[in-house]
Amino acid sequence: MDARAGKVPAILFAGNSHRELAELIADKLGVRLGNVSVFQNSNKETSIELGESIRSKDVYIIQTGTKNVNNDIMEMLIMAYACRTSSARNIVGVIPYLPYSKQSTMRKRGCIVSKLLAQMLCKSGFNHIITMDLHQKESQGFFNCPVDNLRASNFLIQYIQDSIPDYRNAVIVARNPGAVKRASSYAERLHLNIAVIHGEEKVAESDTVDGRNSPPLLVHRHGSICLGLQLLPTVHPKEKPPISVVGDVAGHIAIVVDDMIDDVEAFVSAAQILQERGAYKIYVIATHGLLSADAPRLIEDSPIHEVIVTNTVPHEVQKLQCHKIKTVDISPMLSEAIRRIQNQESMSHLFQNISCHD
C-alpha cells in the first residue's frame with residue numbers, strides 16, 4: 001500500500017474485536033498489521049502500547065462492535081488518542097459495524113446515543129470514518145468528519161445469485177413496512193417481486209410510541225384536555241390490523257432482507273408466517289449478524305433454511321452451534337476503500353448501481 005501511494009506511508013492497526021477481519025484486509029492490501037498491544041490491566045482499565053513510530057503516517061484503525069461493545073469503544077477511542085498524541089498525520093477509523101447505531105432517534109426521556117459516540121470518536125482524534133450499512137443513514141450527520149457508509153448489498157445479491165438454487169422463483173420480503181425501501185431495492189436489482197409483512201406484532205418497549213410517563217391530564221366532559229389556557233383534542237392510540245402478508249409467497253422462496261440480525265425472535269415469527277402462507281424455503285439475509293442471546297438455537301429450531309450475514313461482526317461461535325448460519329466476506333470492499341483513500345482516489349466506484357435505500 002505504501003509503494004502505490006508514493007507520498008505518505010500508511011499503517012494498519014487492529015483492536016481486539018475482530019482480528020480475523022483485520023488480517024483479511026491487510027492480506028488483500030499486501031501489508032502487515034502494525035505492532036500495537038491492546039490489553040486490560042488488573043483493574044479492568046484499557047491500555048495501549050504502540051510498538052512502532054507512526055509520526056507523519058496515515059493510520060487506519062480496524063475495530064468493530066461486538067457483544068463486548070463498551071470495551072470495543074474504549075479500545076478504539078484510546079487507540080485513536082494514542083495515535084494523535086504520537087503525531088500521526090491522519091487517523092481513519094475502519095468500523096464495519098458502528099456500535100450504538102440503533103440508538104439514533106429519541107426514545108421517551110432518553111437521548112441519541114449514536115450522536116454522543118460520533119462526537120467522542122471525532123474528539124479522540126479520528127478525522128475520517130469508514131463504516132458499513134448504518135442503521136440510520138442520516139446519522140452520518142452526527143460526525144464532524146467525513147463518513148463513508150459502504151453497502152454490502154452487492155456481496156449479498158451475488159450470494160443469492162450464486163448459492164440459492166432457483167432464486168428466480170423467489171420473493172423479496174420486507175419484515176415490516178419500515179424495511180420496504182431496502183426490500184424494493186433488492187427486488188429491482190434481482191428482477192423479483194416483493195412482499196411485505198404488515199400488522200400487529202410484539203415490539204420492544206423502547207420501539208413503541210414516545211409516550212412519557214407524565215401525570216394524567218385533566219379531561220373535560222367534552223373530550224378535550226385542559227393545559228392552562230389551551231384546549232387539545234384527545235389523541236387515540238394506533239390500532240394495527242392483524243398480522244398479514246401483502247403479496248404472494250405461496251409456492252415461492254421467501255428471502256427476508258434487513259440491515260442487521262440481533263434478536264432473532266422477530267425473524268423466526270416472520271418465517272413462521274411465511275411458511276403458513278405457502279413459502280417452501282425461507283432465507284434471512286442481513287449485513288450485520290449480531291445474533292444475540294439464544295439466537296443459534298432459535299434459528300436451528302425455526303423454519304428458516306439459512307441465515308446469511310457478512311463478517312462485519314465475528315460470529316464463529318454461533319456458526320459452530322447452528323449450521324444454518326452462512327458468512328459472506330466483505331473484506332475486499334473495506335480493503336479497496338482503504339486503498340482508494342490512501343491513494344486519494346474517488347470512492348464513487350464502490351457505490352456504483354447502489355440505491356440510497358440499500
Side-chain angles (χ1 to χ4, degrees), residues 63-74 76-77 93 95-124 126 129-151 174-183 196-219 225-228 230-240 257-267 286-288 290 292-293 312-313 356-358:
Q63 181 85 324
T64 193
T66 65
K67 294 180 181 178
N68 200 11
V69 59
N70 293 324
N71 277 340
D72 297 335
I73 291 171
M74 284 308 301
M76 190 161 42
L77 295 174
I95 314 170
Y97 170 63
L98 186 69
Y100 288 99
S101 61
K102 291 180 72 174
Q103 298 191 47
S104 55
T105 54
M106 180 68 81
R107 299 290 187 189
K108 298 188 178 181
R109 293 189 178 93
C111 62
I112 303 176
V113 183
S114 59
K115 180 175 182 179
L116 171 64
L117 178 59
Q119 297 298 312
M120 290 167 64
L121 290 171
C122 293
K123 288 290 185 181
S124 67
F126 286 110
I129 299 293
I130 302 171
T131 187
M132 184 164 283
D133 281 331
L134 288 170
H135 188 63
Q136 296 287 344
K137 296 171 182 61
E138 295 79 6
S139 58
Q140 295 175 75
F142 297 156
F143 291 83
N144 295 327
C145 65
V147 177
D148 286 310
N149 181 30
L150 305 177
R151 310 291 203 277
R175 186 172 59 85
N176 53 51
V180 169
K181 290 182 178 179
R182 180 184 299 272
V196 183
I197 297 175
H198 181 261
E200 187 65 50
E201 63 175 345
K202 292 182 180 180
V203 295
E205 185 180 353
S206 59
D207 292 333
T208 56
V209 293
D210 187 16
R212 294 170 170 82
N213 296 321
S214 300
L217 299 172
L218 180 62
V219 180
I225 299 174
C226 180
L227 293 174
Q230 301 177 356
L231 291 177
L232 301 177
T234 303
V235 179
H236 297 285
K238 291 182 180 179
E239 292 185 6
K240 289 186 178 181
V257 298
D258 214 329
D259 64 323
M260 69 173 68
I261 303 175
D262 188 0
D263 183 359
V264 302
E265 289 183 359
F267 292 93
T287 302
H288 310 296
L290 300 177
S292 301
T312 55
V313 178
C356 63
H357 302 306
D358 279 11

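We number each residue from 1, following the sequence as shown. In this text the structure is predicted, and so the values were computed from the model without any measurement.
- In this structure, Met76 and Met120 have side chains that are not in contact, with every pair of non-hydrogen atoms separated by 4.5 Å or more.
- Side-chain contact check for Ile130 versus Ile95: every heavy-atom pair is 4.5 Å or farther apart.
- The side-chain contact (heavy atoms from CB on, under 4.5 Å) test with Asn71 singles out one residue from Asn68, Val69, Ile73, and that residue is Asn68.
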One pair to check against side-chain hydrogen bond (donor to acceptor under 3.5 Å, both in side chains): Tyr97 and Asp72. What are the steps and the verdict? CA-CA 11 Å; Tyr97 170 63; Asp72 297 335; over 6 Å; no
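- Screening Leu134, Asp259, Asp262 against Lys102 for a side-chain contact (heavy atoms from CB on, under 4.5 Å) leaves a single residue, Asp262.
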One pair to check against side-chain contact (heavy atoms from CB on, under 4.5 Å): Met260 and His135. What are the steps and the verdict? CA-CA 8 Å; Met260 69 173 68; His135 188 63; 4.0 Å; yes
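- Side chain of Arg151 to main chain of Asn149: a donor-acceptor pair is present (N/O by atom type, distance under 3.5 Å, no hydrogens or angles).
- The side-chain heavy atoms of Cys145 and Ile129, taken from C-beta on, include a pair separated by under 4.5 Å.
- Counting non-hydrogen atoms of other residues, nucleotides and ligands closer than 6.0 Å to NZ of Lys67 gives a total above 12.
- At least one side-chain heavy atom of Asp133 sits less than 4.5 Å from a side-chain heavy atom of His288.
- At distances below 3.5 Å, not a single donor-acceptor pair connects side-chain atoms of Gln136 with backbone N or O atoms of Thr105.
- Gln103 contributes no side-chain N or O that, together with a main-chain N or O of Tyr100, makes up a donor-acceptor pair within less than 3.5 Å.
- The structure places CZ of Arg175 at 14.0 Å from NE2 of His198, a figure rounded to the nearest 0.5 Å.
- Counting only heavy atoms from C-beta outward, the side chains of Asp263 and Ser292 never approach each other to under 4.5 Å.
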